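What you see below is based on every heavy atom in this structure, not just the backbone, and it leaves out hydrogens, waters and symmetry mates. This is a predicted model, so every value here is computed, not measured.
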Amino acid sequence: MAMTVSSAGGLLAMLNENHPTLKLHALTNLNAFVDYFWPEISTSVPIIESLYEDEEFDQRQLAALLVSKVFYYLGELNDSLSYALGAGPLFDVSEDSDYVHTLLAKAIDEYASLKTKAAESNKAADIDPRLEAIVERMLDKCILDGRYQQAIGMAIECRRLDKLEEAITKSDNVHATLSYCSNVSHLFVNRREYRHEVLGLLVDVFKKLPSPDYLSICQCLMFLDEPVGVAGILEKLIRSEKEDDALLAFQIAFDLIENEHQAFLLNVRDRLTQPKYLPAEPVQPVSTETESAQDANAATTEDVQMADGTQAVSEAVPASVPVVDPKEATYAERLTKLKGILSGETSIQLTLQFLYSHNKSDLLILKTIKQSVEMRNSVCHSATIYANAIMHAGTTVDTFLRENLDWLSRATNWAKFSATAGLGVIHRGHLQQGRSLMAPYLPQSGSGGGSPYSEGGALYALGLIHANHGEGIKQFLRQSLSSTNVEVIQHGACLGLGLAALGTADEDVFDDIKNVLYTDSAVAGEAAGISMGLLMVGTASEKATEMLAYAHETQHEKIIRGLALGIALTVYGREEGADTLIEQMTRDQDPIIRYGGMYALALAYSGTANNKAIRQLLHFAVSDVSDDVRRTAVLALGFVLYSEPEQTPRIVSLLSESYNPHVRYGAALAVGISCAGTGMSEAISLLEPLTSDVVDFVRQGALIAMAMVMVQISEASDSRVGAFRRQLEKIILDKHEDTMSKMGAILASGILDAGGRNVTIKLLSKTRHDKITAVVGLAVFSQFWYWYPLIYFISLAFSPTALIGLNYELKVPRFEFLSQAKPSLFEYPRPTTVATTTSAVKLPTAVLSTSVKAKARASKKEADQKEKAEKSSATESTSGKGKSSGDKDEDSMQVDSPVEKKAEPEPSFEILINPARVVPAQEKFIKFLEDSRYIPVKSAASGFVLLKDLRPSEPEFLSLIDAPSSTASTGGASATAQQGSAASMAVDEEPQPPQAFEYTS
């Protein structure tokens, strides 16, 4: 019959018949052929609608379904859904057709929208029960069919936490479903309050499981800002009799530390119960013989333990020490270790030791930069000092500075401030010795003292050393701030205090800084504004309105700028909670406050990829009258999108071709910030044309952004890395290059090799939470445009790329593990050798091909070609990086030969020894060996990994023993002397590879 029907006219005529059977026959057949005849049926919709409205007609629902389908084909989805609801059970949610899929999506959107509006206005949702029934049928069907992820997505979108819990608990693998749900809530739930509700539910479900996943629970609790819950779990684990539980507690603490939420972690630490037998004052035990006595004393010997693994305990003891319960003694020992981790001291100490022992900085690169920078050019002179600090961040190696003291002393005024502050970046994390290292430069009480610039720089350096871990130095910085009226020293002290007390919202510190602000000194006030923001970061404090009011009162542009950024920092991560303040700032008459509004948008919605925030920023990027605001609006996109970096190049690609250089600069840095450390091909392709832009400051921004994207990417994984290094060298050595882009190239050289080539820039932790310090660091770093000393804030975003395995004693045992990838993919850049520096010295003549010298040399070159090739092929081919971009024939020869030599024998795997450098792209190739003595408590391929020892009776060999004791236990001068010898040893070892190479050729 289906084949013979050519028109719906006859069936439509039946609808006017009186007999219900004829109407039913017509409706049934029209419903069957609606896909073909809907244009014809649409002319009779009023008749079918009247059948639906006729309450005595018992096939009303069939009429509704038919009308719904016709409206669907007409594109009237609202009407279509309305009649589908009227069709009741005849609207079959399990039907696999475009019509059903489209209307279900529409129903869910409608339902979710109504629920969201109701939640936002705090009213009960007024929802059609038929709509609710359809959504429930859909959810039930997904759960029944085992499509749990689909059910979770719908339940979250529809705010049906009851169905969400049902989907999780009924799933086959509850742990996997929970982690999926956690990821979804971070990525797709736009409103902060609702996300907290979802995470609260997840915590409840986690706790009900027979074997709770404490790692995930504590991450959720941290996000919910519930230190009591975290402290309770950690205490339960370290009181357990099983050593494995204690290892898990330590692992949780290390994972929490990675999110860098100082105030929260200190709160957890302070809520852990003290052991029952310990008196208020730490008491020295009777002897070192009993294990329990050592445990009781662990708190007083913690630092010594970490430095060299020995226990130094005194004999004398009061007679009234109570008898020690072994269980409490074990708890006391574990508690000490746990508190060391939570305070950040253990991880900072281990990171310091790792960066020191694995430092692979190339001093010859710095030497080349220094030789090529003109004495008169103070900007490039300072840039070289910045590059050195970034290159050696956290390594404690200041060889370059000590070897070039005369050259360094040319820095005057603010350049001297920056040079001194750079020591803070180099010694970052040197908590025990920080103050003694900086002592020669710090303000001396009672004496006239040295230069206020180096004194201010030293206070800033102390803040950088203790960034986010400033309990020990806060008081000293407060005294330094209150005891001076010199604005340069106040500037350094304010920045130092803000860094040390980051996010602690300490009222007393705030008042100290506010007093400086109210002196209305432009230089000190700028730092005070930023410092207030650092102190109150993420608190959405009422003090922001106080700061905004003062920004309107003062006449100093510097102070307004400092306050604008400070206000933006206070709303970090507050999402919709910051909308009122953002609205106020973005509508302000003063472009500097609007500029702060862009940062407020960036930081309030940082890492959320929130569509509303992106739309607002794009609106300002193309419509604001101030270039300053437009540039910042584009740059701010980088902060909003760093959780989904692949989106950024696509979103800013048109802006990167803007006629306005400020917008192009913003686009470059947006990509640099959000794609930092990813080596993403699209990001590099977008930045490449900008590195040779016609405007010098755009080139500067593009070079810095490119270095951020390429940090720790090897030439083997992307050949453009080598080309970029050669481009930097060419710019630095070119006498005719603009100062701005030369500065960008020098800074980019530092960022590429940051932290001794052992750190990357990371804004998200492994659990996909923001790294607060890193985000804040990059936000303030991006102000260097106005104030160069803020460049050092980039060091806050550096994250060591290491796998550091730790045993129960939190020592680093030596063992092997596997990287199942070619070694060349993730190797360190090859060190430049002396041969390269000779070619670097010749480079200016090669680059200046138009000069007379180059013409004179051209005739001589042919004669020398063969001889030069023979001599240098042996030595230069070992140095893959830092080669000159002149002498192109030689260059291509030297790049090819090592690859050819390596291609045949290169293995497809590599054995690494704990602790080892593991770059982010390498993590998926890391495997523990099957017969390994140690297995990780949780599967992890980088960071601090607690290890279970399967053969505890065998002797252990420890790593990170020699280098750390020198770093941790020597004073400033001797420490630097030792570091110098270590660095010079590294340089002395460099000639060995060429000898081996000569031998093979």
Side-chain angles (χ1 to χ4, degrees), residues 413-414 417-418 421 452-453 456-457 459-460 463 477-478 480-482 484-499 501-502 509-537 539 541-572 581-582 584-600 602-603 626-629 631-632 776 779-793:
N413 300 342
W414 284 106
F417 176 92
S418 296
Y453 289 98
L459 292 169
Y460 177 20
L477 288 168
R478 286 182 64 191
S480 304
L481 181 62
S482 55
T484 182
N485 291 321
V486 184
E487 60 178 10
V488 179
I489 299 178
Q490 287 177 327
H491 184 95
C494 280
L495 288 176
L497 252 181
L499 283 161
L502 189 80
V509 175
F510 187 85
D511 291 340
D512 290 351
I513 300 169
K514 190 167 71 175
N515 294 338
V516 174
L517 178 72
Y518 286 164
T519 60
D520 207 44
S521 143
V523 168
E526 179 182 36
I530 295 172
S531 184
M532 286 171 157
L534 292 170
L535 182 68
M536 309 305 276
V537 75
T539 57
S541 162
E542 289 298 311
K543 296 193 166 59
T545 44
E546 204 177 313
M547 291 158 75
L548 191 56
Y550 191 75
H552 283 124
E553 284 169 30
T554 183
Q555 299 301 305
H556 294 291
E557 200 173 289
K558 272 177 170 290
I559 296 182
I560 302 173
R561 198 172 293 286
L563 283 168
L565 179 64
I567 296 164
L569 288 167
T570 64
V571 295
Y572 169 88
L581 185 66
I582 290 170
Q584 210 175 336
M585 292 177 81
T586 53
R587 285 174 176 265
D588 203 286
Q589 292 293 305
D590 187 337
I592 302 178
I593 292 177
R594 290 205 303 281
Y595 153 98
M598 298 306 111
Y599 274 104
L603 292 170
S626 158
D627 280 339
D628 205 6
V629 177
R631 184 187 68 251
T632 315
V776 167
V780 182
F781 160 74
S782 60
Q783 311 290 308
F784 80 84
W785 171 271
Y786 298 98
W787 194 236
Y788 289 161
L790 298 178
I791 284 172
Y792 289 135
F793 271 80

Margin query: Can you see whether Asp588 engages His552 through a side-chain donor-acceptor pair at a distance of less than 3.5 angstrom?
Written below: yes

Note to self: With no hydrogens and no angle check, just 3.5 Å: does a side-chain donor-acceptor pair link Tyr786 and Glu557?
What the structure shows: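 Not at all, the side chains of Tyr786 and Glu557 share no donor-acceptor pair under 3.5 Å.
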
Next item on the list: Using a 4.5 Å cut-off on heavy atoms from C-beta on, say whether the side chain of Pro789 contacts that of Phe417.
Entry: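 A side-chain contact under 4.5 Å exists here.
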
Check: Is any side-chain heavy atom of Met532 less than 4.5 Å from a side-chain heavy atom of Met547?
Finding: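 With C-beta onward as the side chain, the pair touches.
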
Next item on the list: Not counting sequence neighbours, which residues clear side-chain hydrogen bond (donor to acceptor under 3.5 Å, both in side chains) with Trp787? List them please.
Entry: His491

Note to self: With side chain to side chain contact (heavy atoms under 4.5 Å, CB included) as the criterion, how do Trp414 and Val488 come out once you've worked through the C-alpha distance, each side chain's angles and the decisive distance to 0.1 Å?
What the structure shows: CA-CA 9 Å; Trp414 284 106; Val488 179; 3.8 Å; yes

I'd like to know if the side chain of [X] reaches the main chain of [Y], judged simply by a donor and an acceptor atom lying under 3.5 Å from each other, with no hydrogens or angles considered.
X: Thr586; Y: Ile582; value: yes
X: His556; Y: Asp520; value: yes
X: Arg594; Y: Gln589; value: yes

Check: Given the rule in the side chain to side chain contact (heavy atoms under 4.5 Å, CB included) test, do Leu535 and Leu497 qualify, once you have shown the distances and angles that lead to the verdict?
Finding: CA-CA 8 Å; Leu535 182 68; Leu497 252 181; over 6 Å; no

Checklist line | Shortest non-hydrogen separation from Gly596 to Met585 and the atoms involved | finding: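 Taking every non-hydrogen atom into account, C-CE, 3.5 Å.
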
Next item on the list: Quick one: closest heavy-atom pair of Tyr792 and Ala421, and the distance?
Entry: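 Closest approach of Tyr792 to Ala421: CE1-CB, 3.7 Å.
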
Note to self: With rounding to the nearest 0.5 angstrom, report the CD1 to CD1 distance, Ile593 to Ile567.
What the structure shows: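 If I round to the nearest 0.5 Å, the distance is 6.5 Å.
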
Checklist line | Asp511 atom CG: more than 12 heavy-atom contacts under 6.0 Å | finding: yes

